[in-house]
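Down below is the structure, laid out as structure tokens.
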Amino acid sequence: MSLLITGGTGYIGSHTVVELLQLGKDIIIVDNLSNSSTLVLDRVKAITGKTVTFIKADICDEAALDTVFKEHDIEAVVHFAGLKAVGESNDLPLSYYQNNVSGSVTLFQVMAKHGVKNLVFSSSATVYGENNPSPLDETMPTSATNPYGQTKLMVEHVLFDLARSDSEWSIACLRYFNPIGAHESGTIGENPNGVPNNLLPYVAQVAVGRLPQLQVFGDDYDTPDGTGVRDYIHVVDLAIGHVRALESLTKIKGCKAINIGTGNGTSVLEIVNTFKEISGQEINYKVVPRRAGDIGTVYADASLANTLLGWQATRNLNTMITDTWRWQSQNPNGFE
Ligand code: NAD
Ligand code: WQD
């Protein structure tokens, strides 16, 4: 039996594939390479000594997915494939709804047709919107403030309805907080196209000399140093969260939303100062006005993942930043 990993050459997917290969799992990746490269597969092989079956295909392509399910004996799917840039989603909403919503529905239809009803889905803390106080827990109301967030929320709704319609489905919607870090080997990591939107890749590229200066978006939030507070989680802890979720699917009847975070908040300036200390590089920054749509404090109540999946994060901020820096300094231009 095999596991199908959509988006498996991407940032979080590739780290999850490493953890699964190390457990001896047989892996099939479907990815259209819109935001990743097959160079990742050589690195995954170097880490694990194992190979995967790679299929270049789009999740919107029903015929291609049908062939994958016909040709392989798939027991469960981990569904990472999707577009993820919040700003871009405001400019290209149709691409986001097409890729993230239509593509997901197509995947679920093909899964249902082939009787594969075990699924782990990449959701996001963005579904908590802007009105809930942290720590955020899974019982809180959900909402979205941009098309990207809407797509995550819509797919969650699709999955809750699907599970209600057919009791054979076991689905974990993992709501990730802020994934950062890289594999400890320094050979795979986050490789954003163009100028990064997220804090950590931006800071890392300033440290390595690719970008001149970080803009800190606001220092007038109601937080200890005035800068935004987030729940950063090591991508390997997140990857292990997927392993635990797959192992727990037999216990999960229906569809469950589960936070994957550490439960701790860290400010932008704490990140900058820790990065400076660990890398030994100056991080040139200036404070600018708040970024539209940002909120001051976001962190998880991570207790449900512990109870339901037996999972909790174990890597601290120093490890997250040490591993980010190892990846960035060893691969200043990403995988190229
Ligand atoms: P990523 O862009 O590195 O990986 C996504 C992968 O999906 C890429 O390899 C891309 O080529 C592929 N892909 C995109 N559209 C596709 C399609 N239509 N068909 C086939 N492949 C397609 O992103 P990531 O950071 O690894 O994120 C993985 C998932 O986790 C995404 O669904 C994202 O929305 C979600 N997520 C990410 C974060 C984060 O901060 N990185 C936070 C919360 C949720
Ligand atoms: C973190 C903090 C910024 C960049 C986003 C998505 C969310 C999820 C994770 C997918 C904030 C500050 C940032 C910079 C800065 N993705 N910042 N200068 O906004 O928490 O979440 O990624 O699901 O949906 O919205 O992450 O890394 O962009 O920002 O000062 O150049 O860093 O204001 O406080 P965010 P982020």
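In this chain, residues are counted from 1 in sequence order. Counting starts at 1 for both ligands and their atoms, following the listed order.
- Proximity of L214 to ligand 2, defined as any heavy-atom pair under 4.0 Å, is confined to the side chain (atoms from C-beta onward).
- Atom 4 (C) of ligand 2 has its nearest heavy-atom neighbour, among Y221, Y128, Y285, F217, in F217.
- Proximity of a side-chain donor or acceptor of N32 to a complementary backbone N or O of S34 within less than 3.5 Å is detected.
- In terms of protein heavy-atom proximity, atom 21 (O) of ligand 2 is closest to N178 ND2, 3.8 Å.
- Considering backbone and side-chain atoms alike, L199 places an N or O below 3.5 Å from some N or O of ligand 2.
- Counting atoms of ligand 2 from 1 in the listed order, those under 4.0 Å from a heavy atom of S124 are 10 (C), 23 (O), 24 (O).
- Applying the 4.0 Å criterion to heavy atoms of Q215 picks out, from ligand 2, the atoms 14 (C), 15 (C), 18 (N), 30 (O), 31 (O).
- Each of the atoms 15 (N), 16 (C), 17 (C), 18 (N) of ligand 1 lies under 4.0 Å from some heavy atom of N99.
- Side-chain contact check for K84 versus I12: every heavy-atom pair is 4.5 Å or farther apart.
- In the vicinity of S123, heavy-atom distances shorter than 4.0 Å reach the ligand 1 atoms 43 (C), 44 (C).
- When only interatomic distances are considered, the shortest N/O to N/O separation between N32 and ligand 1 falls below 3.5 Å.
- By the 4.0 Å heavy-atom criterion, R291 is counted among the residues contacting ligand 2.
- At a threshold of 4.5 Å between non-hydrogen side-chain atoms, the residues L309 and I252 count as touching.
- Contacts between E190 and ligand 1, counted as non-hydrogen atom pairs separated by less than 4.0 Å, are absent for every part of the residue.
- With D31 as the partner, the side-chain hydrogen bond (donor to acceptor under 3.5 Å, both in side chains) test is satisfied by one option alone out of T38, T9, T6: T9.
- Between D161 and R164 there is a salt bridge, since at least one side-chain N of the basic residue sits less than 4.0 Å from a carboxylate O of the acidic one.
- For C60, no nitrogen or oxygen atom sits less than 3.5 Å from a nitrogen or oxygen atom of ligand 1, counting backbone and side chain alike.
- Each of H183, H234, Q328 was scored for a side-chain hydrogen bond (donor to acceptor under 3.5 Å, both in side chains) with D323, with one residue passing: H234.
- Remark: ligand 2 atoms within the under-4.0 Å shell around heavy atoms of V86 are 6 (C), 25 (O).
- Residue-to-ligand polar distances place S34 within reach of ligand 1: an N/O pair is separated by less than 3.5 Å.
- In this structure, S14 contributes its side chain and Y11 its backbone to a donor-acceptor pair below 3.5 Å.
- Between atom 23 (O) of ligand 2 and the options F177, Y202, Y148, the minimum heavy-atom separation is to Y148.
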Evaluate Y221 against I295 for side-chain contact (heavy atoms from CB on, under 4.5 Å), listing each step before the verdict. CA-CA 8 Å; Y221 286 105; I295 51 180; 5.7 Å; no
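- In terms of protein heavy-atom proximity, atom 24 (P) of ligand 1 is closest to K84 NZ, 3.7 Å.
- Considering only non-hydrogen protein atoms, atom 24 (O) of ligand 2 sits nearest to T126 CB, 3.4 Å.
- Between F108 and W169, the angle of the ring planes goes over 60°, which puts this pair in the perpendicular group of the 30/60° scheme.
- With distances taken over non-hydrogen atoms, the option nearest atom 33 (C) of ligand 1 out of Y148, Y96, Y176 is Y148.
- Here the heavy atom of the protein found nearest to atom 20 (O) of ligand 2 is R230 NE, 2.5 Å.
- Proximity of the aromatic rings of F80 and H15 is defined here by a centroid distance below 6.0 angstrom, and this criterion is not met.
- Tracing side-chain contacts under 4.5 Å through hydrophobic residues (I, L, V, M, F, W, Y), one reaches F69 starting from L162; they form part of the same cluster.
- The side-chain heavy atoms of H242 and L174, taken from C-beta on, include a pair separated by under 4.5 Å.
- Among all non-hydrogen protein atoms, the one lying nearest atom 12 (C) of ligand 2 is V268 CG2, 3.7 Å.
- Looking only at protein heavy atoms, the nearest one to atom 19 (N) of ligand 1 is I59 N, 3.0 Å.
- Residue K152 has at least one nitrogen or oxygen atom sitting less than 3.5 Å from a nitrogen or oxygen atom of ligand 1, judged on distance alone.
- Across F80, Y11, F121, heavy-atom proximity to atom 31 (C) of ligand 1 is greatest for F80.
- Relative to atom 40 (O) of ligand 1, the option among G82, P179, S122, G10 with the closest non-hydrogen atom is P179.
- Within 6.0 Å of CG on N333 lie more than 12 heavy atoms contributed by other residues, nucleotides or ligands.
- Counting heavy atoms closer than 4.0 Å to ligand 1, residue L33 contributes backbone atoms (N, CA, C, O) but none from C-beta onward.
- The residue among I233, T106, D31 with a heavy atom at the shortest distance from atom 10 (C) of ligand 1 is D31.
- Here the protein heavy atom with the shortest distance to atom 2 (C) of ligand 2 is Y232 OH, 3.6 Å.
- Residue contacts with ligand 1 for A125 are absent, since no atom lies close enough (heavy atoms, distance under 4.0 Å).
- Between E277 and I321, every side-chain heavy-atom pair lies at or beyond the 4.5 Å cut-off.
- At a 3.5 angstrom cut-off on N or O pairs, I12 counts as close to ligand 1.
- Contact atoms of ligand 1 toward S124: 43 (C), 44 (C) (distance under 4.0 Å to a heavy atom of the residue).
- Protein heavy atom at the shortest distance from atom 1 (P) of ligand 1 is N35 ND2, 3.8 Å.
- Atoms of ligand 2 lying under 4.0 Å from at least one heavy atom of V216, given by number and element, are 30 (O).
- In this structure a side-chain-to-backbone donor-acceptor pair under 3.5 Å is missing from S37 to L33.
- Nearest protein neighbour of atom 3 (C) of ligand 2, counting heavy atoms only, is D294 OD2, 3.4 Å.
- Each of F217 and V268 belongs to its own hydrophobic cluster when Ile, Leu, Val, Met, Phe, Trp and Tyr are linked at side-chain heavy-atom distances under 4.5 angstrom.
- Ranking the protein heavy atoms by distance from atom 36 (P) of ligand 2 puts N198 ND2, 3.5 Å first.
- In the hydrophobic cluster analysis, where Ile, Leu, Val, Met, Phe, Trp and Tyr join through side-chain heavy atoms closer than 4.5 angstrom, V40 is grouped together with V17.
- Among T51, T16, I27, I47, the single residue meeting the side-chain contact (heavy atoms from CB on, under 4.5 Å) criterion with L21 is I27.
- No side-chain N or O of Y96 forms a donor-acceptor pair with one of N146 less than 3.5 Å apart.
- Those atoms of ligand 1 with a heavy atom of S36 less than 4.0 angstrom away are 8 (C), 9 (O), 11 (O).
- The heavy atom nearest to atom 34 (O) of ligand 2, considering only G228, G293, G218, is found in G228.
- Residue-ligand proximity, N197 to ligand 2, at heavy-atom distances under 4.0 Å covers atoms 4 (C), 28 (O).
- Taking every non-hydrogen atom of G7 and a distance limit under 4.0 Å, the qualifying atoms of ligand 1 come out as 6 (C), 7 (O).
- A tilted orientation is assigned to the rings of W327 and F335, their planes being inclined by 30° to 60°.
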Side chain to side chain donor-acceptor pair (under 3.5 Å) for R230 and N198? Distances and angles first, verdict last. CA-CA 12 Å; R230 295 291 182 273; N198 293 114; over 6 Å; no
